[in-house]
Every structure is written in structure tokens, then in C-alpha cells.
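Encoded as C-alpha cells, the structure appears first; notes follow it.
Hydrogens, waters and symmetry mates are skipped; everything else that's a heavy atom, side chains included, is used. What you see is a predicted model; the values in this text were computed from it and never measured.
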Amino acid sequence: MIIQIKEWLKEAAGYIQVSLTNKLLVSQKSNRKDLVTNIDEETQAFFIKKINQNYPNDRILAEEKGFDTIESLAGRVWIIDPIDGTMNFVMEQENFCIMIAVYEDGVGQLGFIYDVMKDELYWGGRKQGVFLNDQKLQQPKDTALSKGLLGMNAYMYGKNIYAAGEIGHASMGIRVSGCAGIELIAMLKGNHIGYISNLSPWDYAAGLVLLNEFGYKYSNIEGKPLAFAKREYFLAATPTAYAQIQKDFIRN
């Protein structure tokens with residue numbers, strides 16, 4: 001399955017890269033900043049077709065076209081974000097990812113985050129470790145909040161939602177990429193100690209599999225398990241930073 005998924009990702013990435021030379025069809029979803037393109041939809045359809053052909057009994061949770069809800073995570077479920085960071089894709093033509101996760105009975109088994117323009121695939125699985133392309137990565141250090149950078153949702157930071165502004169000030173600084181996949185990659189590389197945002201299941205599912213391999217802590221912002229059913233405030237960090245954020249800013 002791993003080899004198969006890698007092949008699908010490479011094929012999809014090639015199509016996305018070619019699409020950048022053509023005219024994108026961009027439309028709005030909930031507002032003018034919530035965008036979707038024909039490439040988001042076509043990429044998702046590509047993965048769904050592959051899954052249905054090869055794993056017809058599996059179920060799918062994905063961002064676009066009516067696949068955005070699921071009754072439960074029972075059995076084997078694929079969770080797909082065809083283009084994470086669509087605004088970056090449209091406006092910058094970089095800093096976006098494809099993300100795929102495979103869960104079985106609610107437990108993450110495989111996760112893939114593919115930075116398309118850099119041709120960097122971060123992937124791994126339960127008890128398998130985390131890899132960048134073919135290179136196995138080392139677990140980052142358990143760094144304290146005051147010693148590291150945080151990925152942050154800009155709106156949460158600006159409005160100090162759940163003390164995000166205060167948490168950011170307590171760190172060495174915040175970084176805003178506009179793409180959950182890019183932020184999760186920064187944690188896997190050890191460049192960031194955490195990430196605070198407002199995410200849907202397809203934004204975090206693949207990343208959780210990989211973060212779990214490196215011993216990161218994650219939950220909704222209040223410390224409860226993620227619902228995998230709706231957009232919610234998200235926190236992931238090194239164990240030390242996570243405990244500090246919960247103790248000093250969320251539960252005080």
C-alpha cells in the first residue's frame with residue numbers, strides 16, 4: 001500500500017504542476033477567502049477513483065464534493081486533502097501540500113504530506129518512524145515554549161483567541177504559512193515546537209500519524225480528543241510546550 005500511495009502522489013503532483021501553466025478555474029465556497037479550484041476537485045477525484053478501484057470496501061473522508069462528512073471512523077478510512085493551502089496554490093503557486101492518511105478503527109496507520117513544488121514527501125506509519133523521501137528522520141528535541149518557534153493561525157493570533165497572542169509572545173516567535181501541511185512539516189523537521197490553528201479533519205489527519213511517531217502531544221485547544229467531524233481549534237506541540245500551554249494559558 002505504501003508504494004502504491006507514493007505512486008499516486010507522484011502522478012497527482014505531476015498533474016498539479018502542469019496545471020499551473022494553464023488557467024485555473026477558481027471559485028469561492030463560504031467567502032472570498034475560502035477558495036476551491038478545478039484542480040482541488042480533479043485531484044480529489046483522482047484519489048477517490050484509485051481507492052475505489054483498489055480498495056472498494058474502504059470509506060473516504062475528503063474536503064470537496066460531498067465527501068466532507070462521515071458517520072464514524074470504523075473500519076478502514078482514507079482521509080484526503082487534495083490541495084492543502086489552496087490560497088497559496090492560487091496566489092503563490094507554492095507552499096501547498098497534498099495530504100493522505102489511512103486510519104483503521106480510528107487509529108492512524110499511515111500518513112503522507114507531500115510538498116509538491118519542493119518534491120518533498122514526509123511519510124510514515126504506526127511504529128515505522130517518519131521519513132523524508134527515502135531518509136528516516138530523527139525525533140526532534142522536546143523543546144520548551146520559550147525556546148522555540150510556533151506555527152500559528154493569523155486570525156487566532158491577532159484576536160488572541162484562546163490566548164493565542166499571549167502564547168505566541170511567550171514563545172520565541174510565531175510563523176504563519178497559510179498551510180497546515182507546511183506547519184506540520186516544520187514540526188517534523190524540528191524547526192517549530194508547535195502549531196495552533198482552526199482545522200478540519202483532512203488538515204490534521206495525516207500529520208497526527210507522523211506527530212505520534214515523534215511523541216508530540218496533540219488535541220483540540222482545550223485538551224480534548226479531536227472530533228474528526230468538524231472544524232475545531234487545534235493544538236500540537238512538544239510534550240513540554242504542550243503542558244506549558246495547557247497549564248499557563250488554557251486552564252488557568
Minimal non-hydrogen separation, [X] against [Y], with atom names:
| X | Y | result |
| --- | --- | --- |
| L73 | R59 | C-NH2, 3.8 Å |
| V130 | L210 | CG2-O, 3.6 Å |
| Q93 | M117 | O-CG, 3.6 Å |
| A13 | V116 | CB-CG1, 3.9 Å |
| A241 | L145 | CB-N, 3.9 Å |
| P140 | M187 | CG-O, 3.6 Å |

(message) Counting only heavy atoms not in M1 (residues, nucleotides, ligands), do more than 12 fall under 6.0 Å from its CE?
(response) yes

(request) For atom CD of E71, decide whether the heavy atoms of other residues, nucleotides or ligands shown that lie under 6.0 angstrom number more than 12. (result)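 At most 12 heavy atoms, drawn from other residues, nucleotides or ligands, come within 6.0 Å of this atom.
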
(request) Check the side chains of Y233 and E222 for a donor-acceptor pair under 3.5 angstrom, ignoring hydrogens and angles. (result) no

What pairs of donor and acceptor atoms, side-chain ones from residues 199-207 against any protein atom, are under 3.5 angstrom apart with sequence neighbours left out?
{"residue": "D203", "atom": "OD2", "partner": "S200", "partner atom": "N", "Å": "2.8"}
{"residue": "Y204", "atom": "OH", "partner": "F228", "partner atom": "N", "Å": "3.0"}
{"residue": "Y204", "atom": "OH", "partner": "E232", "partner atom": "OE2", "Å": "3.2"}

(request) Would you mind listing the cluster partners of V107? Hydrophobic ones only (ILVMFWY), side-chain contacts under 4.5 Å, chaining allowed. (result)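 Reading the cluster by chain and number, V107 sits alone, since nothing else belongs.
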
(request) For residues Y55 and W78, establish whether the separation of their ring centroids is below 6.0 Å. (result) yes

(request) For the residue pair F131 and W123, categorise the inter-ring angle as parallel (less than 30°), tilted (30 to 60°) or perpendicular (more than 60°). (result) parallel

(request) Kindly state each residue pair satisfying salt bridge (Lys or Arg N to Asp or Glu O under 4.0 Å) with at least one member in residues 73-90, sequence neighbours excluded. (result)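 Every salt bridge (Lys or Arg N to Asp or Glu O under 4.0 Å) pair that includes a residue of residues 73-90, provided the two are not neighbours, is D58-R76, R76-E104.
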
(message) With heavy-atom distances below 4.5 Å as the criterion, would you say the side chains of L110 and V209 are in contact?
(response) no

(request) Report the residues that fulfil side-chain contact (heavy atoms from CB on, under 4.5 Å) with N212, sequence neighbours left out, ordered by chain and then residue number. (result)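 Only Y218 meet the side-chain contact (heavy atoms from CB on, under 4.5 Å) criterion with N212.
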
(request) Name all residues meeting the side-chain contact (heavy atoms from CB on, under 4.5 Å) criterion together with L132; count only those two or more places apart in sequence or in a different chain, and write none if there are none. (result) E120, Y122, L137

(message) Test: side chain to side chain donor-acceptor pair (under 3.5 Å). Region: residues 149-160. Which pairs qualify, not counting sequence neighbours?
(response) N160-E166

(request) Determine yes or no for a side-chain-to-main-chain donor-acceptor pair under 3.5 angstrom, with N95 supplying the side chain and G85 the backbone. (result)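 No, because the side chain of N95 does not come within donor-acceptor range (under 3.5 Å) of the backbone of G85.
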
